[in-house]
Each structure stands twice: as structure tokens, then as C-alpha cells.
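For reference, the structure discussed in these notes is given below.
Within every chain, numbering begins at 1; the chains are lettered A, B, ... in the order of the sequence lines, protein sequences first and strands thereafter. Predicted model, so just to flag it, every value in this text is computed and none were measured.
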There are 2 protein chains.
Amino acid sequence: MIMDDSKYDVLKIENQLCFPLYACSREIVKRYKPFLDQIDLTYTQYIVMMVLWEEKSVNVKELGARLYLDSGTLTPLLKKLESKGLLTRTRSDKDERNLIVTLTEAGEQLKEQAVEIPMQIAGCTNLTAEEGVMLYRILYKMLGQSAEK
Amino acid sequence: MIMDDSKYDVLKIENQLCFPLYACSREIVKRYKPFLDQIDLTYTQYIVMMVLWEEKSVNVKELGARLYLDSGTLTPLLKKLESKGLLTRTRSDKDERNLIVTLTEAGEQLKEQAVEIPMQIAGCTNLTAEEGVMLYRILYKMLGQSAEK
DNA sequence: TACAATTCAATTGCACACAATTGAATTGTG
DNA sequence: CACAATTCAATTGTGTGCAATTGAATTGTA
């Protein structure tokens, strides 16, 4: 009689959904690196810029909500992007608590180089179109749960 | 005539697969935190312990391959787990370059508390069983690509 | 209107991640 | 055997992430 499962099976990494999620996320970000190096951005800086390329101007709270990041992560990162001249940081007149982040002309120009990246990355994936769509749908379903709070 | 797409659409966060992966990974790890706090482990320490609960003894290279982590991350983390008494770190006799990490009795005992965690986490997910299986399969397909190198 | 509660970004402290380098140990090769 | 190349873990330096706290600004309420 074979007896190869036990109450400890749940503790095997291969039986957990969180681990491949965690590992995959880091592997994909790593795949972006050579491309992002060309425009001197880290992955986190890149997704902040993506929001600005869409919105032109957002406050830190909105940015954090979009990216699931808090001010502890964003504040130093935004200061760095400001020092690179890609954005400006100014307090709102209406409410001095709010910090408004605005794309500069240099930031806008970076978009021209960045637009090449998604295409280059797309070729790196071994998923079918259907798998991509499925993965996307499932991940956003999980994220939706987080957003509800 | 509506003209609401452009060559910049690829730069919208919602059109990228990497972002929900990155965000989801962090959100799920965050969901583990209250449970891991009870046994005083971080998520990364937890997955290292999971390997040891399975293997009893591994070297740093193997551990890194299993977890997609390098010695820069593992060395300080293993020293911390050693100082907690959960594992020992010894050089291999056969090859002094190799560091062998071995589970201690205390580490083995922690397994009894850890075994409750996966069950508690499972209840936190809003995915169907099918979605869970699908997600798992797709993520490991992507990871397989990384493993090939 | 006072003033308590709330809402912001910033700060602090800790724990990863990871690229790049270092230095010791081992292996491969002439 | 000598010694160059390789393989390890450790170290260094930079950049996140995030919980918890702080302090200024605003809002809600007695």
C-alpha cells in the first residue's frame, strides 16, 4: 500500500498558488530590465511613468491606489524621478496635504522611447494569446478582491 | 469618427500583463502576513522553511534554484533563521564551497504550527477551483521558460 | 467657532531582491 | 603537476516594499 501523502502536503511549495505568483512576478520584471536600462528606469519607476503618460498629472494618493503602493515607497521614488527632471512635485493649492505629480516635457519625450518596450517584451513570452487573456482576467479578479477591502 | 486608440495604447498599464502579476503577487503576500506573524516568519523566510520541511537539508545553490533567489538574498536571510534556531549552516566536507542548510529540531516543530496556514489562506481567495488550476498551470509554464535559460 | 477626528505625504526602521564584485575551493587542461 | 577557468557563498551598494509613526492641513461636530 502506497502512502505518499500526509497532512504536510499542503506545505509543499508545489501545492501553493502564491509561490509561482511571487516567483513569476520577479522573473518577468527581470525580463524587463535590459529594456528599461536603456531608458534608465527601474520597473517601479516605469509603472509610475506609465500612469503619468496617461494622466499627465496625479496626486500621490491616486498614484498609490493605481499601483497598489504607499507613500513609503512612492515618496523617495518620486523624488528620484523629479531629480531626473521627468516630473515635478507641487502641493495642491486647494488642499496643501495633497502633493501633485506632473509630467515634464522631458518626461513626455521619454514616452517616445518607452513605446518600443512593450513590443520587445511581448516577444519574450511563451504563452498563447488565450493563456495571456486568461491570466489577465484571473489576476484582475484577484486584484478586484483586494480593491474592495 | 471615434479615434480613441493610438500607438501609445501599449503603454497603458491596463494593457500590460506584467503589472497585475506584480501587484497580485504583493497583495497575496500581504494576505499571508497576519498568519505568518503568528509564527514570526516573513514570507521569504516561510518559503525557505517550506523547502527545508520537505528536504530536511539542502545547499544554498539548490535552495536558490528552487526559489529563484540568489545568495545575495539568501545569505542574510539564512543567518537570521539560524539565529532563531530553526536551521544550521555548515560547509560541506566534500566541497568546502558548498554551504549546507539543515533543519533543526525547533525548525521541525515549527512545521506543526505552519501546517495550519495554507488552509486559513485558502479561504481568503475569490477564485474558483478551475481558475486556481488554470492560474497555476499558466504561471508554471512561464516559470518553465525562465528555468530553461 | 473650538477642537477632536480624519486625511494626507513624509519619515523611520526593517526585510528583502538583485547586479556586480570578491575570494576561497575545486575542476579542467596542457 | 601547474595554473587558468569555473563554481561556490559572501559582500557591497542600490532600490524598492511596507508597517508604523509623525506632523501638517482639513473636516466634522458639539
Side-chain angles (χ1 to χ4, degrees), chain A residues 19 21-37 40-49 58-84 87-101 146, chain B residues 19 21-34 36-37 40-49 58-65 67-84 87-101 146:
Chain A
F19 173 70
L21 204 52
Y22 159 81
C24 234
S25 166
R26 288 183 298 111
E27 288 301 310
I28 303 296
V29 168
K30 230 178 282 183
R31 249 176 252 177
Y32 271 82
K33 190 167 188 306
F35 302 107
L36 292 176
D37 280 348
D40 191 32
L41 290 181
T42 64
Y43 182 73
T44 316
Q45 289 167 6
Y46 173 61
I47 59 175
V48 166
M49 291 306 294
V58 283
N59 68 40
V60 173
K61 183 183 163 62
E62 282 166 25
L63 198 54
R66 286 282 290 271
L67 303 178
Y68 299 85
L69 292 171
D70 71 2
S71 66
T73 301
L74 289 174
T75 296
L77 190 148
L78 291 171
K79 285 182 179 174
K80 216 164 298 171
L81 291 175
E82 184 183 39
S83 77
K84 288 187 189 181
L87 53 81
T88 58
R89 297 164 64 251
T90 36
R91 292 282 165 184
S92 165
D93 286 338
K94 290 179 191 160
D95 188 338
E96 295 269 343
R97 288 171 305 182
N98 283 275
L99 185 89
I100 302 176
V101 179
S146 287
Chain B
F19 173 70
L21 203 53
Y22 159 81
C24 234
S25 165
R26 289 183 297 112
E27 287 301 311
I28 303 295
V29 168
K30 229 178 283 183
R31 247 176 254 178
Y32 271 82
K33 188 166 190 305
L36 292 176
D37 279 348
D40 192 33
L41 290 180
T42 64
Y43 182 73
T44 316
Q45 290 167 7
Y46 174 60
I47 59 175
V48 166
M49 292 305 296
V58 282
N59 69 40
V60 172
K61 183 183 163 64
E62 282 166 24
L63 198 54
L67 303 178
Y68 300 83
L69 292 170
D70 70 2
S71 66
T73 302
L74 289 174
T75 296
L77 190 148
L78 291 171
K79 285 182 180 175
K80 216 164 299 170
L81 291 175
E82 183 184 39
S83 77
K84 288 186 189 184
L87 54 81
T88 58
R89 297 166 63 251
T90 37
R91 291 282 164 184
S92 165
D93 286 339
K94 289 179 192 161
D95 188 337
E96 294 269 343
R97 288 173 304 182
N98 282 273
L99 185 90
I100 301 176
V101 179
S146 287

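Side-chain nitrogen and oxygen atoms of B:Arg91 include at least one within less than 4.0 Å of the OP1 or OP2 phosphate oxygen of D:dA10. Under 4.0 angstrom from either OP1 or OP2 of D:dA10 there lies at least one side-chain N or O belonging to B:Arg89. Applying the 4.0 Å criterion to OP1 and OP2 of D:dT16, one finds that A:Lys80 has a side-chain N or O inside that range. Dashed line: the shortest gap from a side-chain N or O of B:Thr44 to OP1 or OP2 of C:dA15 is not under 4.0 Å. For B:Lys79, a side-chain nitrogen or oxygen approaches OP1 or OP2 of D:dT11 to under 4.0 Å.
Taking a cutoff of 4.0 Å between a charged side-chain nitrogen and a carboxylate oxygen, A:Glu82 and A:Lys79 do not qualify as a salt bridge.
In this structure, B:Lys94 places its NZ atom 16 Å from C1' of D:dC8, rounding to the nearest Å. Atoms CZ (A:Arg97) and P (C:dT6) sit 13 Å apart, rounded to a whole Å. The interatomic distance linking A:Asn98 (CG) with C:dA9 (P) rounds to 5 Å, in whole Å. The CD1-P distance, from A:Ile28 to C:dC18, rounds to 12 Å in whole Å. The nearest whole Å value for the distance from the CG atom in B:Asp37 to the P atom in D:dA19 is 10 Å. Nucleotide C:dC16 holds its C1' atom 11 Å from the CD1 atom of B:Ile47, rounded to whole Å. Note: CG (B:Leu67) to P (C:dC18) measures 11 Å, nearest angstrom. The separation between B:Leu63 atom CG and D:dA10 atom C1' is 15 Å, rounded to whole Å.
A:Leu87 and A:Leu78 get closest at one heavy-atom pair: CD1-O, 3.6 Å.
Shown here is B:Asp37, whose CG atom has more than 12 heavy atoms of other residues, nucleotides or ligands within 6.0 Å. By the 6.0 Å contact criterion, NZ on B:Lys84 is enclosed, its count of non-hydrogen atoms from other residues, nucleotides or ligands being greater than 12.
The nucleotide whose nearest atom lies closest to any side-chain atom of A:Asp70 is, among D:dT11, D:dC18, C:dC18, D:dC18. Side chain of B:Arg26, nearest nucleotide from D:dC18, C:dT26, C:dA9: D:dC18. When the nucleotides C:dT11, C:dT26, D:dA10 are ranked by their closest atom to the side chain of B:Glu96, C:dT26 comes out on top. In this structure, the nucleotide among C:dC8, D:dT7, C:dC16 sitting nearest to the side chain of B:Gln45 is C:dC16. Out of D:dA9, C:dC18, C:dC8, the shortest distance to the side chain of B:Leu69 is found at C:dC18. Counting only heavy atoms from C-beta on, B:Tyr22 has its side chain closest to D:dG17 among D:dG17, D:dT26, C:dT27.
With hydrogens and angles left out, the side chain of B:Thr42 and the base of C:dA15 share no donor-acceptor pair within 3.5 Å. Contact of A:Thr75 with C:dA9 (side chain to base): no donor-acceptor pair of N or O atoms is detected under 3.5 Å.
Residue-to-nucleotide proximity on DNA chain C shows that, of A:Thr73 and A:Lys30, the 5′-proximal contact is made by A:Thr73. Each of A:Pro76 and B:Lys61 lies near DNA chain D, and the nucleotide nearest B:Lys61 is the one positioned closer to the 5' end.
Among the protein residues, B:Leu77 comes within range of the sugar-phosphate backbone only, with heavy atoms under 4.0 Å from sugar or phosphate atoms but none that close to a base. Among the atoms of the strands shown, base atoms are found under 4.0 Å from some heavy atom of B:Ser71.
Summarising the base pairing, C:dG30 is matched to D:dC1 through a Watson-Crick or G-U wobble pair whose two defining distances lie under 3.5 Å.
Once rounded to the nearest 0.5 Å, the distance linking OH of B:Tyr22 with OH of A:Tyr32 reads 12.5 Å.
A tilted orientation is assigned to the rings of B:Tyr68 and A:Phe19, their planes being inclined by 30° to 60°.
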